[in-house]
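Chain letters run A, B, ... following the sequence lines, proteins first and then strands; every chain starts at 1.
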Amino acid sequence: MPLTLYNSRTKKKELFLPLTPKQVKMYVCGVTVYDDCHLGHARSALVFDTIRRYLEYSGYQVTYVRNFTDVDDKILQRAQKEGIPWTQVTEKYIEAFYRDMGRLGIIPPTIEPRATHHIQDIVDMIAGLVEKGVAYEVEGDVYFEVRKFSQYGQLSGRNLEELLAGARVEVDHRKKDPMDFALWKSAKPEEPGWESPWGKGRPGWHIECSAMSIKHLGPTFDIHGGGKDLIFPHHENEVAQSCAYTGKEFARYWIHNGFVTIDQEKMSKSLGNFFTIREIFEKSSYSEIVTGECLRYYLLSTHYRSDINFSNQSIAEAKAALDNFYGLLQRLEEPSSKSEIGGDKDWETLCKDFTEKFTWAMDDDFNTPKALAAFNEFRGTINKLLGKGLSEKSRETILKTLKAYGKTLGLFQMTVSKWNSIVVRLGMAKSEESGLPIKGIVGPTNKWIEEQIQIRNEAREKKNFSTADRVRNELADQGIILEDRPDGTTRWKR
RNA sequence: GGCGCCGUACCCAAGUGGCUAAGGGAGCAGUCUGCAAAACUGCGAUUCAGCGGUUCGAACCCGCUCGGCGCCUCCA
């Protein structure tokens with residue numbers, strides 16, 4: 001099945017045909033760097049990371065651009081509040097952003113342009129719009145005249161009359177129309193600014209995305225993405241100014257992800273109901289790498305266009321599901337206790353069934369919940385085959401398949417021992433990279449645990465089950481779970 | 001007020017006209033085990049918010065009602 005995706009412009013699933021065969025140009029709106037990012041930002045980044053991974057898996061060469069908005073009123077406010085230079089605010093939160101994305105296993109985009117590095121491109125574009133007569137200057141500010149762009153409202157499915165009827169737009173009498181939006185904002189004496197034909201100022205928010213996407217991807221590119229809250233006015237305005245400027249089609253497919261909600265309400269700064277990525281990791285009782293994968297699994301368990309509700313059991317459920325997969329990986333890695341290899345004759349067709357189901361799901365508008373269902377079914381079938389016995393070669397191939405397909409979702413890539421090492425916070429030491437308290441292994445050492453297991457197994461040998469059970473209970477009290485293997489060995493995990 | 005989305009089992013969540021309504025979590029029972037754990041097997045929605053309509057046939061299409069949410073102002 002060929003790849004189809006839902007285009008929010010046409011409100012339909014469409015066959016995906018990139019401008020240039022086997023190449024995809026994709027632009028996604030990034031964050032404004034004035035604070036730590038929350039789960040909502042993480043979802044957007046993760047959704048497009050997954051799309052990027054899957055496109056690459058499908059054989060496309062992807063040029064993925066995601067911007068940083070690093071000059072904005074909010075940044076200036078923050079700087080003032082903290083009494084530090086505004087550039088220090090942006091540097092700090094760009095760094096924090098990288099830290100958080102890294103912990104979620106998000107692959108850095110091909111290009112990560114910053115607005116402040118593209119002032120000239122922005123000024124040129126605004127000048128071009130003024131020249132074409134679709135933008136006008138008032139006292140050092142430049143506005144885009146929406147009436148001059150006949151298709152205004154097409155992306156978000158609204159028209160100017162309806163918008164005006166809403167009448168929630170504050171009226172600025174200097175503008176020709178209340179809906180006109182700022183391309184360039186004049187700077188007050190104490191504010192940062194750049195020289196321009198209209199005096200010292202800074203770019204408006206919408207224009208930077210247009211200027212940077214056109215600069216790095218050309219006037220027309222394949223995919224433009226972002227959270228669904230950006231459809232209006234941000235993306236609508238991008239379309240207007242870009243098309244007016246280039247005279248060409250802008251983005252061909254628009255992809256918008258749903259919100260992360262708390263008690264069914266949109267997670268947002270203004271409502272105050274948000275969890276930052278940072279605090280989720282700090283509060284997690286799992287290791288950083290495990291928490292990252294749990295978050296990823298959780299976020300992938302709902303289709304990207306739907307809203308997803310976050311609660312304190314979300315991570316735990318993902319952990320339980322992932323435990324099953326790492327259990328399977330372990331069984332595939334360790335020597336089989338079976339002498340027969342009854343499963344060998346079936347695994348190839350079963351592998352094929354799985355890969356077909358998986359790609360079918362992903363080709364259908366990146367349906368990750370369906371793809372995860374395929375993984376879970378495959379897990380069941382492999383466990384059954386293991387029961388019948390599998391040769392080392394078969395186990396290796398299956399393992400490779402799991403890892404290869406897992407990679408397109410960013411799952412199942414760590415070693416089983418990393419997965420199983422639960423760590424808790426020590427509190428004192430801080431990580432050099434993240435500045436966060438380091439989590440280290442607390443509790444009994446591996447050596448001690450293995451000694452205890454030895455004692456227990458000797459007791460079992462002598463059928464002294466009360467001693468054996470006492471040892472096991474003591475270990476259980478410390479969170480150590482034992483598993484006796486058919487070959488007489490004992491496996492443990494924290 | 002305008003535009004739009006959602007309501008599927010205890011929880012999460014696919015499915016949007018036609019075989020028995022995916023999958024995960026939790027739970028219960030069984031096989032295995034000295035007992036456990038893990039794995040496997042079985043159980044779990046005669047039913048998809050409610051009511052009406054279209055159709056040979058609807059969770060899926062249409063209408064209404066109830067409930068929840070979003071955008072229209074910065075927002076992933």
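A 3.5 Å limit on both hydrogen-bonding distances identifies rA39(B) as the Watson-Crick or G-U partner of rU31(B). The partner of rG7(B), taking Watson-Crick or G-U wobble pairs whose two distances both stay under 3.5 Å, is rC66(B). With a cut-off of 3.5 Å on both pairing distances, the Watson-Crick or G-U wobble partner of rC71(B) is rG2(B). A 3.5 Å limit on both hydrogen-bonding distances identifies rC12(B) as the Watson-Crick or G-U partner of rG23(B). When both pairing distances are held under 3.5 Å, rU55(B) makes no Watson-Crick or G-U pair with any nucleotide shown.
Contact annotation for G40(A): base contact, defined as any heavy-atom pair under 4.0 Å involving a base atom. V47(A) comes within contact range of no nucleotide atom at all, as no heavy-atom separation falls under 4.0 Å. As judged by a 4.0 angstrom heavy-atom cut-off over every strand, N376(A) is placed among residues touching the sugar-phosphate backbone only. Residue contacts for R331(A): at a heavy-atom cut-off of 4.0 Å it reaches the sugar-phosphate backbone alone, with no base atom in range. At the heavy-atom level, L482(A) lies under 4.0 Å from base atoms of the strands shown. Within 4.0 Å of F232(A), counting heavy atoms only, lie sugar-phosphate atoms of the nucleic acid but no base atom. Residue contacts shown for H234(A) are absent, as no nucleic acid heavy atom lies under 4.0 Å away. When heavy atoms are screened at a 4.0 angstrom cut-off, Y298(A) is found touching no nucleic acid atom at all. Among the heavy atoms of the strands lying under 4.0 Å from K74(A) is at least one base atom, whether or not backbone atoms are also near. Heavy atoms of G258(A) sit under 4.0 angstrom from at least one base atom. Residue contacts shown for G157(A) are limited to sugar-phosphate atoms, with no base heavy atom under 4.0 Å away. No contact: R43(A) has no heavy atom under 4.0 Å from any strand.
If you find the closest nucleotide of RNA chain B to D469(A) and to L230(A), the one lying nearer the 5' end belongs to D469(A). The residue among R456(A) and F48(A) whose nearest nucleotide of RNA chain B is located toward the 5' end is R456(A).
Ring orientation note: the planes of F250(A) and H224(A) are tilted relative to one another, at an angle of 30° to 60°. Taking the six-membered ring where the residue is Trp, F144(A) and F181(A) present parallel rings, their angle staying beneath 30° rather than reaching 60°. Note on ring orientation: taking the six-membered ring where Trp is involved, the planes of F354(A) and F378(A) are parallel (angle under 30°, cut-offs 30° and 60°).
Nucleotides rG70(B) and rC74(B) place their C1' atoms 16 Å apart, quoted to the nearest Å. rU54(B) and rU20(B) have their C1' atoms separated by 27 Å, given to the nearest Å. Taking atom C1' in both rA22(B) and rC5(B), one finds a spacing of 24 Å when rounded to whole Å. Only the C1' atoms considered, rG15(B) is 16 Å distant from rC61(B), to the nearest whole Å. When the C1' atom is used for both rC6(B) and rU16(B), the distance is 14 Å, rounded to whole Å. With P as the reference atom, rG24(B) and rG44(B) are 16 Å apart, rounded to whole Å. Distance check on atom C1': rG53(B) versus rA13(B) gives 30 Å, rounded to whole Å. A gap of 14 Å separates the C1' atoms of rA9(B) and rA59(B), to the nearest Å.
Closest to the side chain of P369(A), out of rG24(B), rG34(B), rA13(B), is rA13(B). Closest to the side chain of E377(A), from the set rA38(B), rA26(B), rG23(B), is rG23(B). Closest contact between the side chain of E317(A) and the listed nucleotides rG70(B), rC74(B), rC12(B) involves rC12(B). Closest to the N324(A) side chain, of the nucleotides rA76(B), rG70(B), rG24(B), is rG24(B). The side chain of Y297(A) has rG24(B) as its nearest neighbour among rG24(B), rA76(B), rA26(B). For H38(A), the listed nucleotide lying nearest its side chain is rA76(B); candidates were rA76(B), rG70(B), rA22(B). Listed candidates were rG23(B), rA76(B), rG70(B). Nearest to the side chain of E265(A) is rG70(B). The K370(A) side chain lies nearest to rA14(B) when the options are rC40(B), rG34(B), rA14(B). The listed nucleotides are rG24(B), rA14(B), rG70(B); the one nearest the side chain of R379(A) is rG24(B).
Per the geometry, NZ belonging to K11(A) stands 7 Å off P belonging to rC5(B), to the nearest Å. Taking atom CG of residue L322(A) and atom P of nucleotide rG23(B), one finds them 18 Å apart after rounding to whole Å. K357(A) has its NZ atom 14 Å from the C1' atom of rG15(B), to the nearest Å. Distance CZ (R202(A)) to C1' (rC74(B)): 13 Å, rounded to an integer number of Å.
One N or O donor and one acceptor, one from the side chain of R472(A) and one from the base of rA36(B), sit under 3.5 Å apart. One can find a donor-acceptor pair under 3.5 Å joining the base of rC35(B) and the side-chain atoms of D484(A). No donor-acceptor contact under 3.5 Å links the side chain of K384(A) to the base of rC40(B). Side-chain atoms of D307(A) and base atoms of rG70(B) include no donor and acceptor less than 3.5 Å apart.
Side-chain contact annotation: Y253(A) with R9(A), donor-acceptor N/O pair under 3.5 Å absent.
Within 6.0 Å of CD on E333(A) lie more than 12 heavy atoms contributed by other residues, nucleotides or ligands. Enclosure of atom CG in D477(A) by more than 12 non-hydrogen atoms of other residues, nucleotides or ligands within 6.0 angstrom is indicated.
Checking the phosphate oxygens (OP1, OP2) of rC40(B), no side-chain nitrogen or oxygen of K388(A) falls inside 4.0 Å. Distances shorter than 4.0 Å separate some side-chain N or O of T302(A) from OP1 or OP2 on rA13(B). Between rA38(B) and N383(A), no contact under 4.0 Å exists linking OP1 or OP2 to a side-chain N or O.
Taking the charged nitrogens against the carboxylate oxygens, D72(A) and K185(A) have no contact shorter than 4.0 Å, which rules out a salt bridge. For the pair R296(A) and D49(A), the salt-bridge criterion is met [side-chain N within less than 4.0 Å of a carboxylate O].
In this structure, the side chain of T69(A) does not engage the main chain of T32(A) through any donor-acceptor pair within 3.5 Å.
Partner T490(A) forms a side-chain contact (heavy atoms from CB on, under 4.5 Å) with one of R485(A), R460(A), R472(A), E483(A) and no other, that one being R460(A).
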